[in-house]
Amino acid sequence: MQKEIPKTFESNKREKEIYSLWKNSGFSNPDTMQKYLEEKEIEVKTSFTITLPPPNANGTPHLGHMCGYAFHDAIGRYKRMTGHPTLLLPGKDHAGIQTESVFTKLLESRGQNKFELGREEFYKQCYEFCLTNMNNAREYEQRIGLSADFSREFFTLDPRLTEIVYSTFYKMFEEGFVYRDKRIINQCPNCHTALADIDTEHEERRGIFAYIVYPFVEESDRKKAKELFGVEGITVATTRPETMLGDTAVAVNPKDKRYSQFVGKKVVLPIANREIPVIAEDTTDMELGTGALKVTPAHSPVDFEIGKKHSLPIVNVINEEGKMMGDIPERFVGMGTTECSKALCKELDDLDLLVKIENIKHEVVICERCKSAIEPIISNQWYLNVESLAKRALEALKRGDVSVVPKGQQKALEYFYENIQPWCISRQLWWGQRIPVWYSGGKKLYDWLLENKGKNVSDFEKEFGTKVFGTGKIFLGEQPPKSESGEVWEQETDVFDTWFSSGQWPYTTLGGSDGDDFKKYYPTQMMIHGRDILFWWTARMLMFGLYRTDQIPYPVVMLTGIILAPDGSKMSKSKGNGVEPSEIFDKYGADALRLWYYIDALPGSNSPIREEKIKGNRNFITKIWNASRFILMNIDESELEAVSKNLKINSERIEITKKHVKKVSEYIEKFQFNLGAEEIREFFWHQVCDVWIEEIKSEIKDQPVGSEKRIDGLAELLCILKENLKIMHPFIPFVTEGVWQELVNLGLASGVLMVEQLF
RNA sequence: GGACAAUUAGCUCAGCUGGUUAGAGCACUACAUUCACAUUGUAGGGGUCAUUGGUUCAAAUCCAAUAUUGUCCACCA
């Protein structure tokens, strides 16, 4: 009997020690790993790289984040154990709008607001806020056992990374992919920024459907209308009465017999008292409402298109904050949209122009982050024309250069590429990478000149009655160019959409195409992330990767399952049904949680977290520990040397073990982690423990200490144990390394299990 | 409105390119055991593999339709 070994694997205590052991070994660094292989004269295979998905730096990691890492780590460890210098490159994401929103709320709770702080101070404080979260996140990553190379960790706002992001922007501008444009955008009145289409959601909400009469200008038309419709005008139906102040036409379907005689006639826009035409537009739905559509090009994407087609004027009546403004009666200026809607309905009713109001449910576009209703407004923004980039990515997908697991999601991605629209990449935020552009004479001038082709600076001065100091040109760079003779350069205030930088993650973190790491470790080998960000992230990474490096950044993207609350609903902070990762770690240990992920959180599945199952896995961890303990305790001190020298590897049991290792390896190679995890569990528990240990136990029971039979039996067991520890290690690294180190203490093994090579 | 996926034991799911009595974990039942095992072992119960057709010597597995559920996409005022 050797020294006492605890009866269970004390995960809380041991996991930290073991992680430090790995950290100190340096083998998470692929360069160190390579040296090790060379020294040991093990064939060095191709490098294996994954740039890990960076968690948002604005909060605490949850079980879903952990899940992806469990998979990354398993494959990474397996690769390391099969001769590949392996780089798991970690990072953290500044998560633009989301972090700005979280931090702004935090400021508000302290009775501050961002404008008081000013841009620079806000940025500084937000950075500090993120630092805390990042340290926290890193702790969790290490707790799940992630064998990442933290010496290479990146933050998406790291200047080294930003430099590459900027160079992409410059290149795209020169090549005409990036441009400024004035069009209708999704404005979030709460976040005070423009959003890309993809950053919005649809939700059914209750609303009103108001029927409003727009009287005809001509007396004769009024008469005809009175006869036909019972009112002296054309009745339109709308869910947003407040936008009527910006109406510039009424559209009817040319096939609609009710209205055909009125096409080309004019109606008076009530309250605003403007005359607007009735136009024929074949996209107008005759069945909906009254079949007559009020057209507000400035505040509805559909109407914007109609307006373009019919060259209608654009009248802005709602500003960036969702307040009424512009060329409207004074009493409405500054009102919120709902307030204005009510006020208008009241006035219309008094004028007898409000036919009725129906209460309806309809789809509303909302902000993905704060769930506020989106305000479509006309605005100047930076756009990225992604059409040709998407085409290239789509071709790569179709050729099979890159594939998505599960397969069904690949089709969704293809569809996304096929229907892609220009991407609005500017955000009116402070938290992010400031778009590196300078405007000579001001941004307003630049936009005005773009809009008014053929006009020049003096036309602008005449129009606005101001003097301009500049040429209306722009300059791309982080610092303004030298001013000549009083020229004033105005810096762009907008920042990039967060996905513009995270979309470049795989090569920016490797130092860009000139980086040493890039040359060694790009393209990467795979990507694993949640289904929810497929279009935001992988879609962009493929496009950027092909654009900047002419290579796909990784050939496989695997989407993890979604972890649900115990009752099967989505975990959410607001519902308070989330499960804290630390709770699970404390109770059952990282290995038990990992096993559960491999088996239950498969691509395409939705798994409610089940403590009983994690507990079952914990029992398996205990089983491994005790089986090992039993073997070790059976080796008498006087037998240690003999056993360690007598590792015979020719027995039926060893042959079966070899086959087992091969089988599990194949599962891992095919990303069938569930089958792999089940296999190691089944084999170790029911083959090694229940059968072999029992057999050998009785074989050596009556043998004297030091006898050949004992030594042979124990040596065989030890050999089986070691090979099993190795193949189990990618899945459950802590307990296997823990046992390994016990072996090391007794002189029965050496080094760290993490870099032991599989059969 | 469109796309995609799922539908297998009480629960969560495996079951790859079709082949004898359909599997795992957890839960459940009985017995054994404190032998390394904050337990474990042995044995067991439980499924007409959503429905209906079709292909086939043979289908949970392939095809079609139907139903239900879920996810995503979508400008219907």
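It should be emphasised that the depicted structure is a prediction, and the values quoted were computed from it without experimental measurement. As a basis for the values below, the full set of heavy atoms in this structure was taken, side chains included, without hydrogen atoms, waters or symmetry mates. Every chain is numbered from 1, with letters handed out A, B, ... down the list of sequences.
Scored by the side chain to side chain contact (heavy atoms under 4.5 Å, CB included) test, A:Ser260 finds no partners at all (sequence neighbours excluded). Listed by chain and residue number, nothing satisfies the salt bridge (Lys or Arg N to Asp or Glu O under 4.0 Å) test with A:Lys342 (two or more places apart in sequence, or in another chain). Residues satisfying the ring pair (Phe, Tyr, Trp, His ring centres under 6.0 Å) criterion with A:Tyr415, sequence neighbours excluded, are absent altogether. For A:Lys697, the side chain to side chain contact (heavy atoms under 4.5 Å, CB included) partners at least two apart in sequence or on another chain are A:Phe630, A:Glu694. With sequence neighbours excluded, the residues that form a salt bridge (Lys or Arg N to Asp or Glu O under 4.0 Å) with A:Glu669 are A:Lys79. In this structure, A:Arg369 has no salt bridge (Lys or Arg N to Asp or Glu O under 4.0 Å) partners at least two apart in sequence or on a different chain. Residues meeting the side chain to side chain donor-acceptor pair (under 3.5 Å) test with A:Tyr383, sequence neighbours left out: none. Residues meeting the side chain to side chain contact (heavy atoms under 4.5 Å, CB included) test with A:Pro555, sequence neighbours left out: A:Ile552. Scored by the salt bridge (Lys or Arg N to Asp or Glu O under 4.0 Å) test, A:Lys7 finds no partners at all (sequence neighbours excluded).
Only the C1' atoms considered, B:G1 is 31 Å distant from B:G54, to the nearest whole Å. Taking atom C1' in both B:A6 and B:U12, the straight-line distance is 14 Å, to the nearest Å. One P atom belongs to B:C26, the other to B:A65, and the distance between them is 41 Å to the nearest Å. To the nearest whole angstrom, the two P atoms, one in B:G15 and one in B:C62, are 12 Å apart.
Residue A:Arg681 has a polar side-chain atom (N or O) positioned under 4.0 Å from OP1 or OP2 of B:C26. Contact annotation: A:Trp596 side-chain N/O to B:C26 OP1/OP2 distance is not under 4.0 Å. Remark: A:Lys294 is not in phosphate contact with B:A77, judged by side-chain N or O atoms under 4.0 Å from OP1 or OP2.
Between A:Arg653 and A:Glu716, at least one side-chain nitrogen of the basic residue sits less than 4.0 Å from a carboxylate oxygen of the acidic one, meeting the salt-bridge criterion.
Geometric assessment of A:Arg618 against the ring of A:Trp596 yields a negative cation-pi assignment under the 6.0 Å and 45° thresholds.
Rounded to an integer number of Å, the gap from CG of A:Asn419 to C1' of B:G1 is 14 Å. We find that CZ of A:Arg629 is positioned 12 Å from C1' of B:U39, with the value rounded to whole Å.
Among the atoms of the strands shown, only primed sugar atoms or phosphate atoms (P, OP1, OP2) are found under 4.0 Å from some heavy atom of A:Asn674. Nucleic acid contact for A:Phe535: sugar-phosphate only, since backbone atoms but no base atoms lie under 4.0 Å from a heavy atom of the residue. Using a 4.0 Å heavy-atom cutoff across all strands shown, A:Lys7 reaches sugar-phosphate atoms only and no base atom. Using a 4.0 Å heavy-atom distance criterion, A:Glu694 is classed as a base contact.
Under 3.5 Å, the side chain of A:Glu10 and the base of B:A38 form no donor-acceptor pair of N or O atoms. Within 3.5 Å, no donor on the side chain of A:Lys411 pairs with an acceptor on the base of B:C4, nor the reverse.
At most 12 heavy atoms of other shown residues, nucleotides or ligands fall within 6.0 angstrom of atom NZ in A:Lys308.
Of the residues in residues 233-245 of chain A, A:Ala237, A:Thr238, A:Thr239 come within less than 4.0 Å of RNA chain B through at least one heavy atom, sorted by number.
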Taking Watson-Crick and G-U wobble pairs with both distances under 3.5 Å, convert RNA chain B into its dot-bracket string, 5' to 3', dots for unpaired and | for cross-strand pairs. (((((((..((((.....[...)))).(((((.......))))).....(((((..]....))))))))))))....
For nucleotides 7-11 of chain B, print each protein N/O atom paired with a nucleotide N/O atom at under 3.5 Å, atom names and distance only.
| from | atom 1 | to | atom 2 | distance (Å) |
| --- | --- | --- | --- | --- |
| B:C11 | O2' | A:Arg610 | NH1 | 2.7 |

